[in-house]
Each structure stands twice: as C-alpha cells, then as structure tokens.
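Predicted, not measured: the structure shown is a model, and the values here were computed from it.
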Amino acid sequence: MLRDYLKIDAEDKLVEKGTLRTNNRGQEDVTEWTIVNHSGEEKGVVALFDKLSNRRSYRVSYRIMQTDLQGKVVVDHLTDVL
C-alpha cells in the first residue's frame, strides 16, 4: 500500500489531484495526491511515477516522492511493488 512508504500520520488523508499520462519510453503515468490533515489543512504532496525505467541501472516499476508545502523532499523511494 502507498501509505506504507510515506511519512504521514494515521489520521492524514490522501486526496487525489490528478493523473498525467505520457506515452514515452520512460514514465507512463504520474499520479499526484495532496496530503490533508484531520482539520483539512494541506501538509504536502505525493507523486507516484508508474513504470519508471529512464536509467538502465534503475529498472524499477515505481517511484514514490513526498514533498512538504515548501517543496522539500521528505520521501524519495524506488520500488518494484506497492
């Protein structure tokens, strides 16, 4: 599950912002979520890059990237499974 890779609280919600579909050899789908806390305030953004294969040395299926509101990267994780 995606939440297992993120640094968020149990009461935080992920609200989907949208999906960008590209038809190139690298990333095919990029899905973004906003992290919202229990009082409805935004805490950050999560992006899931599907079918990431832009480097020969990194043959993985997914890249998970979590940033805070200032744009600082909190999580940047490469994985084969979710």
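The backbone N or O of T34 sits nowhere less than 3.5 Å from a side-chain atom of E42 that would complete a donor-acceptor pair.
In this structure, the side chains of D76 and R63 come closer than 4.5 Å at one or more pairs of heavy atoms. Looking at L6 and V46, their side chains come closer than 4.5 Å, going by heavy atoms from C-beta outward. Using a 4.5 Å cut-off on side-chain heavy atoms (C-beta onward), M65 and L48 make no contact. Under the 4.5 Å side-chain criterion, counting only non-hydrogen atoms from C-beta, I35 is in contact with L14. Between V73 and Q66 there is no side-chain heavy-atom pair separated by less than 4.5 Å.
The distance from the CZ atom of F49 to the CG atom of D29 is 11.5 Å, given to the nearest 0.5 Å.
Of all heavy-atom pairs spanning Y5 and V75, the tightest one is O-CG1, 3.5 Å. Of all non-hydrogen atoms in V15 and V36, the two that sit nearest each other are CG2-CG2, 3.8 Å.
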>> Determine whether Y62 and V81 satisfy the following criterion, side-chain contact (heavy atoms from CB on, under 4.5 Å), listing intermediate values before the conclusion.
In response: CA-CA 7 Å; Y62 304 100; V81 293; 5.7 Å; no
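Residues meeting the salt bridge (charged side-chain N to carboxylate O under 4.0 Å, His left out) test with D68, sequence neighbours left out: none. Here D9 pairs with E11, D12, K43 under the side-chain contact (heavy atoms from CB on, under 4.5 Å) rule; sequence neighbours left out. The salt bridge (charged side-chain N to carboxylate O under 4.0 Å, His left out) check on E32 picks up K17, with sequence neighbours excluded.
Linking ILVMFWY side-chain heavy atoms closer than 4.5 Å, directly or via other members, places I64 and I8 in a single hydrophobic cluster.
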